[in-house]
Amino acid sequence: MSAFIVEGKKRLAGTIKVAGNKNEAFPCIAACLLCRESVSLRNVPDIGDVRTMLEIAERLGARVTPLRNGACTVNASGRLASTLPLELSSAIRGSIVLASALLVRTGKAILPQPGGDTIGRRRLDTHMLVFKALGARVRTIRRTTGRKGPALTYTIQAPPGGLKGADIYLDEASVTATENALIAAAGARGRTVIANAASEPHVQGLCRFLVNAGVEIEGIGSNVLTVHGAERFSCESHRLGCDYTEAGSLIALAAATGSGLVITDVDPNIMRLI
């Protein structure tokens, strides 16, 4: 489709349900790989990027049930691979959060430069800062040939004794770097403090997932998170929060058209800013 044709001045009416938050789905799918039992995810948006993330988890060795009616299960009880599939992981930005889960489960993560929307530089420095602070060794390989695909590949290796808790100050309040820090810290020995952390609702959703899986986290909703690492993880089910951006768009739509809409599956507690 090359254009949208909008015929305005029409009143709208009815009830519309807000989808689950895609940006919470990505880190929660990654966090499922920490667990040795099946995890049921609910309120999952049925969109291409989420299906790609689930397919990556499957390629890594997890058993994933088909996404139906906003629900699926991820079982990572078996052995997992350490290398993200090139064609899939380079297609979406969210694949980067799988690095931390693989570091915890396999001690190593090999990933191509993630893809996704090009909205500026979108550097990965902060992610690598987190992994190094927790004791991992990071190696960057730059492709010099003319072959298609990402120009960079990252190899991240945990130390022999596993990741170790640290006091980390993020050099930017990156959402995905905060999520990688949370997942990695969940599997690190001891206590990790993450300062200048992102606090968006989807970051809080990941925190709730990890808490349900047996991880102690202090400061949820603030920009300083304290994570006490755990040895085992078990989260029977997790319901994703609402897509508050979609909810805001529908609120604006009702206002712009002078309409009365009923917008369901919205958490009012996270709508204050909007």
Side-chain angles (χ1 to χ4, degrees), residues 26-27 29-36 53 56-62 76-115 122-145 147 149-172 174 176-194 197 206 210 213 215 225 227-233:
F26 286 161
I29 291 169
C32 286
L33 302 187
L34 298 178
C35 303
R36 300 280 182 170
M53 190 72 170
I56 295 172
E58 200 165 27
R59 292 275 195 97
L60 290 170
S77 58
R79 186 174 180 178
L80 299 179
S82 298
T83 303
L84 293 177
L86 175 64
E87 71 284 1
L88 293 174
S89 58
S90 61
I92 56 172
R93 180 77 179 178
S95 62
I96 184 68
V97 296
L98 289 159
S100 50
L102 294 180
L103 267 181
V104 173
R105 277 295 301 268
T106 73
K108 187 176 183 179
I110 302 173
L111 61 147
Q113 191 171 9
R122 306 197 79 174
R123 63 193 178 95
L124 298 181
D125 306 45
T126 309
H127 298 263
M128 303 310 157
L129 178 153
V130 165
F131 298 139
K132 289 178 180 178
L134 295 171
R137 183 166 54 89
V138 177
R139 190 160 60 99
T140 305
I141 301 172
R142 183 178 296 276
R143 176 175 52 80
T144 56
T145 65
R147 291 183 295 108
L152 298 177
T153 299
Y154 301 91
T155 300
I156 310 163
Q157 181 76 54
L163 300 175
K164 185 178 180 181
D167 189 345
I168 304 171
Y169 189 95
L170 304 183
D171 62 348
E172 62 172 339
S174 162
T176 49
T178 300
E179 291 164 348
N180 255 333
L182 281 164
I183 296 171
R189 291 178 287 115
R191 186 187 74 163
T192 298
V193 177
I194 308 165
L206 172 62
L210 293 172
V215 181
L225 299 168
V227 184
H228 300 269
E231 294 183 0
R232 291 189 59 82
F233 309 90

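Remember, it's a predicted structure, so these values are computed and weren't measured experimentally.
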Looking at Asn180 and Ile96, would you say the former's side chain and the latter's main chain have a donor-acceptor pair under 3.5 Å?
yes
Quick check: does any side chain N or O of Gln157 sit under 3.5 Å from a backbone N or O of Val138, one acting as donor and the other as acceptor?
no
For the atom pair CZ (Arg232) and SG (Cys35), what is the distance rounded to the nearest 0.5 Å?
9.5 Å
Does the pair Ile156 and Leu111 meet the rule for a side-chain contact (heavy atoms from CB on, under 4.5 Å), with working shown?
CA-CA 8 Å; Ile156 310 163; Leu111 61 147; 3.6 Å; yes
Could you report the tightest heavy-atom contact between Ala99 and Ala109, atom names first, then the distance?
O-CB, 3.6 Å
Using a 3.5 Å distance criterion without hydrogens, assess whether the side chain of Arg189 forms a donor-acceptor pair with backbone atoms of Gly161.
yes
Within the structure provided, determine whether Leu129 and Tyr169 are in side-chain contact (heavy-atom separation under 4.5 Å).
no
On a heavy-atom basis, the closest approach of Leu34 and Ala186 is CD1-CB, 4.5 Å
Testing the basics here: between Leu134 and Ala185, what is the closest heavy-atom pair and its distance to 0.1 Å?
CD1-N, 4.2 Å
Contact summary for Ile183 and Ala31, nearest pair of heavy atoms
CD1-N, 4.2 Å
Inter-residue atom distance Met128.CE - Arg139.CZ, 0.5 Å rounding
13.0 Å
Can you tell me how far OG1 of Thr192 sits from CG of Asp167, rounded to the nearest 0.5 angstrom?
9.0 Å
With heavy-atom distances below 4.5 Å as the criterion, would you say the side chains of Met53 and Ile92 are in contact?
yes
Evaluation steps, side-chain contact (heavy atoms from CB on, under 4.5 Å), between Val193 and Leu225
CA-CA 6 Å; Val193 177; Leu225 299 168; over 6 Å; no
With sequence neighbours left out, what residues match Asp171 under side chain to side chain donor-acceptor pair (under 3.5 Å)?
Arg123, Thr126
Answer whether the closest heavy-atom distance between the side chains of Phe131 and Leu103 falls below 4.5 Å.
yes
Who pairs with Thr178 by side chain to side chain donor-acceptor pair (under 3.5 Å), at least two apart in sequence or on another chain?
none
Validation: residues 76-84 side-chain donor-acceptor distances under 3.5 Å, sequence neighbours left out:
residue, atom, partner, partner atom, Å
Ser77, OG, Asn75, OD1, 2.7
Ser82, OG, Thr106, OG1, 2.8

What distance separates Leu98 CG from Ser89 OG, expressed to the nearest 0.5 Å?
8.5 Å
With a 4.5 Å cut-off on side-chain heavy atoms, are Leu102 and Lys108 touching?
no
Of all heavy-atom pairs linking Val130 and Ile168, the shortest is O-CD1, 4.2 Å
Minimum heavy-atom distance Ala62-Leu33, with the two atoms named:
CB-CD2, 3.9 Å
Given Leu163 and Val104, is the side-chain contact (heavy atoms from CB on, under 4.5 Å) satisfied, shown in steps?
CA-CA 7 Å; Leu163 300 175; Val104 173; 4.3 Å; yes
One pair to check against side-chain contact (heavy atoms from CB on, under 4.5 Å): Glu179 and His127. What are the steps and the verdict?
CA-CA 9 Å; Glu179 291 164 348; His127 298 263; over 6 Å; no
Any side-chain heavy atom of Leu152 sitting closer than 4.5 Å to one from Ile141?
no
Is the number of heavy atoms from other residues, nucleotides or ligands under 6.0 Å of Arg137 CZ greater than 12?
no
Value for CZ (Phe26) from CD1 (Ile56), rounded to nearest 0.5 Å, stands at 8.5 Å
Measuring from Leu88:CG to Glu58:CD, what's the distance to the nearest 0.5 Å?
10.5 Å
